[in-house]
Asks: 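I'd like to ask you about the structure that follows.
Values below: every heavy atom of this structure, side chains too, minus hydrogens, waters and symmetry copies. Computed from a predicted structure; not experimentally measured. Note on naming: letters A, B, ... go to the chains in the order of the sequence lines (proteins, then strands), and numbering restarts at 1 for each one.
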2 protein chains.
Amino acid sequence: MSGIRDIAKLANVSNGTVSAVLNGKGDALRIAAATRERVWEAARALNYRPNIPARRLRTADDTGVPVVALFWTWDTRSSLMGRFLKGIQSSPLCQENGVELLIQPYASSCLGKELSLLRGTRFNGAIIANATELDLAYLSQVNLPLPVVLYQRSQEGYRSIQVDHYASGCEVAELFHAKGFRQVGLITPHVSSQAIQLRQEGFVETAERLGMLVAGEHRLLDAFSEQGGYEAAARLSSGPPLPEALFVLCDQMAIGALTAFRERGIEVPGQIQVVGYDDSEGAAFTVPSLTSVHLPVERMAAAAIGLLAKLIDPGRELAVIETFATHIVYRNSCPEVKNL
Amino acid sequence: MSGIRDIAKLANVSNGTVSAVLNGKGDALRIAAATRERVWEAARALNYRPNIPARRLRTADDTGVPVVALFWTWDTRSSLMGRFLKGIQSSPLCQENGVELLIQPYASSCLGKELSLLRGTRFNGAIIANATELDLAYLSQVNLPLPVVLYQRSQEGYRSIQVDHYASGCEVAELFHAKGFRQVGLITPHVSSQAIQLRQEGFVETAERLGMLVAGEHRLLDAFSEQGGYEAAARLSSGPPLPEALFVLCDQMAIGALTAFRERGIEVPGQIQVVGYDDSEGAAFTVPSLTSVHLPVERMAAAAIGLLAKLIDPGRELAVIETFATHIVYRNSCPEVKNL
DNA sequence: CTGAAAGCGCTAACAT
DNA sequence: ATGTTAGCGCTTTCAG
């Protein structure tokens, strides 16, 4: 990279002049038109691009804002990313330009390849989302030189923002129990995720404790997408007797499942009731509308950045909730029991 | 903000020592445990936070990557933001850490308040998305000191990545014409957006040119959301005779509209056919599935960052498509005409 | 084991 | 109208 001095040399002026011209202060300093032209030309010839860190260091007026990186995997579904960012943006910190947000994409299970995390040279702190079990294992054995907040994961030695996934699973099982169901099923996305794992465990263990049967053929695994949910539900309906109710661990798959049932003439909630997870924006507009466990993504995102800001800069006193509660949003695919 | 020298003073060591300790090089340099402790304590007491720009300037190994800001309004729907980011992330530039992506939220119509754009001190270039007419007016009268790429907007003096919205509108009108419809309608989101405006004009003008009627009561305006689409469709169905086909300018509203029709027993596509816009992830799973104009958000996002990188650094030779084509994805709400 | 000093690329104040 | 120079806050030799 060529710098301002190279331009100065090429244009036969001093670096001060170059800086002035390049920053549009030519007028103020009444620099000769010919000189300006020479400077611009040299800059162009050298492919000059200002060094932002250097500029900011010198300018200093906004040198004070902490830089925060958001590690997000690029293979996850867009809608959650959107909701998460919306939550981040809604946080007062962002609105007042109190932090600078850097997006740092990483590949699932490859967090270890992100050296910027290890070196800590590019940002003051990081929010890590979508960590797989492998990523968590990596985190457990490194000692990062900067504060980190995990989103939807928990790992010794790290702070987290999350919901109690296990409890969410229990809640759904309890709902099915209250409705008097005996045979229940679940559809799980095929991903390595603590969150999914816990939801599943909470559901299955509670179901069994309450005397319901979660038969092996009623436990389906498929891709984390509408299509995956469709396939899983298709397999479910082509086989043995249906369960009375089905917990689908993410809305996207639930939406696909509803389609599969409808195509096969299986009535929801008549023959089988369905509960999704996430309470995504589209859940209210499926047919039938989808009962779903509401995940407060936006609030959690805001909490994550708040917590991180506090870790970076203990001066601020922000009370931050670190574990959020979920609740079931009742719609038609699994109507509310009034006398629960 | 206190710096490394303050710590040095407080801990009675030199700044070199402080730096070494803080960067975990205590071991390598065999610095006394007591000294380390003093340093850490002083750092904590002073609420020390490293100055990232300064550190990067010095470290210099990654000082070369251009910094790019993405201006996005926080009041837009999440799903598009997610798709856009996914597209950005999928670009080779991002994958190879060839750029540093900064998220810069701004309030609709308030782009003028973002001084970082004017000063150009925080990044090398910017992608501006969701600009309203007011924002464009602002852009037309300032002279920004850095390269800018507009997403889905066009404005003299700026480069853009976009689709031909007008042509998209025409395409839908032509489809309706080919199907032999005479009375068509449209639902428009209530936002200030060139893109929406152009789609609408393209549709209406072409419809009229082809001899179809777009009656005043068949032109609805409502909120940019499922709910808005629902309300608009509800008004449409409670009034005068329905149009034969309806162009809904965004999928979210189309999804709401389908719900409204179903609740009222109006058959789609039997009594009215519906075409949406965006081809969002959920469009395949509505009832009936939604025919929609596919917007190549992901590819456009990748093109936007590619174009910007090229503007920042003319050295790179990347061929960038600046205008993308849309196409209609046929599903059940408006089936394909075979002999078109 | 620790201190002193140079310099990253840039801007701004001060000279000329 | 342009050149000179002093740092911004930090890391990193190099001397002790």
Asks: Please report, rounded to the nearest Å, how far the P atom of C:dT2 is from the CZ atom of B:R38.
Replies: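 Atom CZ in B:R38 sits about 8 Å away from atom P in C:dT2.
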
Asks: In the structure I gave you, are the side-chain heavy atoms of A:S154 and A:Q162 within less than 4.5 Å of one another anywhere?
Replies: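 In contact.
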
Asks: Which nucleotide sits closest to the side chain of A:L57: D:dT4, D:dC8, D:dT12?
Replies: D:dC8

Asks: Could you work out which one of C:dA6, C:dC10, C:dT2 sits closest to the side chain of B:T35?
Replies: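 The answer is C:dT2, which lies nearest to the side chain.
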
Asks: Indicate whether OP1 or OP2 belonging to C:dT11 is found under 4.0 Å from a side-chain N or O atom of A:N23.
Replies: yes

Asks: Has B:K25 got a side-chain N or O lying under 4.0 Å from the OP1 or OP2 atom of D:dT12?
Replies: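 Indeed, a polar side-chain atom of B:K25 lies that close.
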
Asks: Could you tell me whether the side chain of A:R5 has a donor or acceptor atom within less than 3.5 Å of a complementary atom in the base of C:dG9?
Replies: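 Per atom types, no contact qualifies.
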
Asks: Taking the minimum atom-to-atom distance to the side chain of B:T17, which one of C:dT11, C:dC10, C:dT2 wins?
Replies: C:dT2

Asks: Which nucleotide in the set C:dC10, C:dG3, D:dT12 lies at the smallest distance from any side-chain heavy atom of A:R55?
Replies: C:dC10

Asks: Just how large is the angle between the end axes of the helix from C:dC1-D:dG16 to C:dT16-D:dA1, five pairs per end, to 10 degrees?
Replies: 50°

Asks: What nucleotide, of D:dG3, D:dT12, C:dA12, holds the atom closest to the side chain of A:V13?
Replies: D:dG3

Asks: Contact class for A:D6 (heavy atom, under 4.0 Å): base, sugar-phosphate, or nothing?
Replies: nothing

Asks: Do B:H165 and B:V163 come close enough that some side-chain heavy atom pair is under 4.5 Å?
Replies: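 They are in contact (side-chain heavy atoms under 4.5 Å apart), so the answer is yes.
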
Asks: Which part of the nucleic acid, if any, lies within contact of A:G16, taking any heavy atom under 4.0 Å across all strands shown: a base, the sugar-phosphate backbone alone, or nothing?
Replies: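 Base contact - A:G16 has a heavy atom under 4.0 Å of at least one base atom.
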
